[in-house]
Every structure is written in C-alpha cells, then in structure tokens.
*Asks:* 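Handing you a structure now.
Order of the sequence lines sets the chain letters (A, B, ...), proteins ahead of strands, with each chain counted from 1.
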Number of protein chains: 2
Amino acid sequence: MVQYSISNLDASFGALADPTRRGVLEQLGQADASITTLAEMFQMTLTGMKKHVGVLEQAGLVCTEKVGRVRTCKLGLRGLEEEAVWIERHHQLWATRFNELDAILEELKQKEK
Amino acid sequence: MVQYSISNLDASFGALADPTRRGVLEQLGQADASITTLAEMFQMTLTGMKKHVGVLEQAGLVCTEKVGRVRTCKLGLRGLEEEAVWIERHHQLWATRFNELDAILEELKQKEK
DNA sequence: ACTATACTGAACTGAATGGTTCAGTATAGT
DNA sequence: ACTATACTGAACCATTCAGTTCAGTATAGT
C-alpha cells in the first residue's frame, strides 16, 4: 500500500477548485474587502460568501479580522508555497516520464537505420 | 459583478484535492499501471479506483488505453501546465501585496525618525 | 469448452458542498 | 433611544462525492 504524507493540500486544492473562491483570491489580490463587498461582487448572500471565506481561511489562503461590525478579508500570510512546490515537483515527474519516452523513441529510430 | 473566465481549473484542482488521486499521479509518475494494480496499492475496490481514474482522466491529467482485458493508465499528455501558471500568477499577486505592505511599513518607519 | 482474470455499469449509501432563508446579535450614525 | 448596517448561526435543500456491492461482459490461459 502506498503511504501518503498528511498535509493541507486537500484543503487548499479543494479551496481552489471553486471558481467563486478563485475569484475571491483574485479580488483580494487587488484589495482587501469586507464580506458584504465580496457577496455583492459575486452576487451571493452574505451567509453564502461567509462560507466561502471560511473555506479559504481554513486552507490558510485568506485571513480575516473583525473590527467594529465589519470583517475584513485579506490574502493569508502563506501564499500557495506548498501548492506551488507540489505542482512543480510533479511537473518534473511529467518531464521525466516524457523524456524517457523520447529516449525510447530515439532508440527505436536508431534501430530502424 | 466579477466575471471569471471558463477553464478546466475546476476539474483539475478538484482532481488534485483528493489524496488518493494525488497518490495515483505520484504512482503513474513512476510507472504506468492497470486499474487492478492501482486498486490494490490504494486498498480499494476496482470500481472505486476506476472512478478516481475517471476523474483524473476528465481533468486531462491521466490517459488510459484498454488492450485486451487490461486498461493501462499513464500520465496525461498535458502536465499541470495550466495549474502551474495559475498558481504562479497568484504567487505574484501575493508578493505584490506584501511588497506594498513592506513599503507602507517602511514609510511608517521613516516618519518615526 | 471451462475457468479465472480484468474490467464495467447500475444502484445504493452516508457524508460533504454550495447554496438558501430566517431569526438573531452587535455596532454605527442621528 | 432608534434605525440601519454587518455580520452570525441554525436549519434546510438539492446535488455531488467517495465509496460500496452485485451482477454482468469480455478476454486469457488450459
């Protein structure tokens, strides 16, 4: 059985799998925003948006702070580092696989001659 | 309202959100495998594994070919390019935001003097 | 021809998701 | 004090998801 290490990749890739949430990240990349603002931008109820923000917060991609009655959302402190690393590593796996394939094809070509 | 462009990021990030599926990709990075092999490795029924492979296939991360009675799974032709690009772009958004923050902090420090 | 293997598909289950409404609490402004 | 704003939480709903079982079909080996 293959053992996979525990990480929050589940949470973060899960968070990124939703277009609304990717949109929220995009937005927060431009400027911080309140739940209300985000809800309006994505035509959604406050409650709905709060859930999305909750998911992003769980994944560590967003952090929020409530001052007075408004909760302001910003990009989280850690910024997709882990995800970038994972993707990059696998990018290389792909490259390796296809290089091997190339090598094999190359070999076959040689034999043809 | 914010408009977001259509893409298969939903499918691919969704596919990556599951540890079993990330494990399968990892495995296929080492060697091609049949559904049976994968099912055994991840202690799962054939049917269950076939569904996971289906999800990965939909996302274009895996491709399969059935010859005789065995279906062989390999890494898909396109390899996380789109995802890498998305992540990288947002990596930069983060950087920008935090650079701005640095700038502001720097400014505040100056005034203190 | 017979048997074992490898997959496939339909149908079912429990839990998670993405959204809603509605009733509440807390703060801001007049 | 009163009213509007901003959020919060519980409860609900339909859909999807991750997995199962079970009954099939097709191919490989003897």
*Asks:* Got a minute to check which stems DNA chain C is part of, using Watson-Crick or G-U wobble pairs under 3.5 Å, three or more consecutive?
*Replies:*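 Stems for DNA chain C, defined as runs of 3 or more consecutive pairs: C:1-30 with D:1-30.
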*Asks:* Quickly work out the B:Phe42 CZ to D:dG19 P distance and round it to whole Å.
*Replies:*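 That distance rounds to 11 Å.
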*Asks:* Please state how far atom CG in A:Asp18 lies from atom C1' in C:dG19, giving the value in whole angstrom units.
*Replies:*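 Whole-Å distance recorded here is 11 Å.
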*Asks:* Between A:Lys50 and D:dA6, does any side-chain N or O lie under 4.0 Å from OP1 or OP2?
*Replies:*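 Indeed not, no polar side-chain atom of A:Lys50 lies that close.
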*Asks:* Going by the rule side-chain hydrogen bond (donor to acceptor under 3.5 Å, both in side chains), which residues pair with A:Thr37 if we only count those two or more places apart in sequence or in a different chain?
*Replies:*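 Listed in chain order: A:Ser34.
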*Asks:* Rounded to whole Å, please give me the gap between CD in A:Gln58 and P in C:dG18.
*Replies:*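 Rounded to the whole Å, the gap is 13 Å.
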*Asks:* Would a 4.5 Å heavy-atom cut-off, applied to side chains only, mark A:Ile87 and B:Trp86 as touching?
*Replies:*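 They are not in contact (no side-chain heavy atoms under 4.5 Å apart), so the answer is no.
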*Asks:* For every nucleotide of nucleotides 20-30 of chain D, 5' to 3': is a protein heavy atom under 4.0 Å from its base (B), only from its sugar-phosphate (S), or from neither (-)?
*Replies:* BBB----BS--
*Asks:* Nearest of C:dG18, C:dT8, D:dA18 to any side-chain atom of B:His52?
*Replies:*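 Closest nucleotide to the B:His52 side chain: D:dA18.
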*Asks:* Contact between B:Met41 and B:Leu38 at the side-chain level, heavy atoms closer than 4.5 Å - yes or no?
*Replies:*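 When only atoms from C-beta onward are counted, B:Leu38 and B:Met41 do touch, with a gap below 4.5 Å.
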*Asks:* Once you measure the plane-to-plane angle for A:Phe13 and B:Phe13, does it fall in the parallel (<30°), tilted (30-60°) or perpendicular (>60°) bin?
*Replies:*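 The arrangement is parallel - the two ring planes meet at less than 30°.
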*Asks:* In Å and rounded to the nearest 0.5 Å, what is the NE2 to CD1 distance from B:His52 to B:Ile35?
*Replies:*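 Rounded to the nearest 0.5 Å, the NE2-CD1 separation comes to 11.5 Å.
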*Asks:* Can any side-chain N or O of B:Arg22 pair as donor or acceptor with the backbone N or O of B:Leu16 at less than 3.5 Å?
*Replies:*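 Present.
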*Asks:* Does B:Gln58 CD have over 12 foreign heavy atoms under 6.0 Å away?
*Replies:*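 Atom CD in B:Gln58 is not crowded, with 12 or fewer foreign heavy atoms closer than 6.0 Å.
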*Asks:* B:Leu56 CG to D:dC17 C1': how many Å, rounded?
*Replies:*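 These atoms are roughly 14 Å apart.
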*Asks:* If you measure from CG on B:Leu28 to SG on B:Cys63, what distance do you get to the nearest 0.5 Å?
*Replies:*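 With rounding to 0.5 Å, CG (B:Leu28) is 9.5 Å from SG (B:Cys63).
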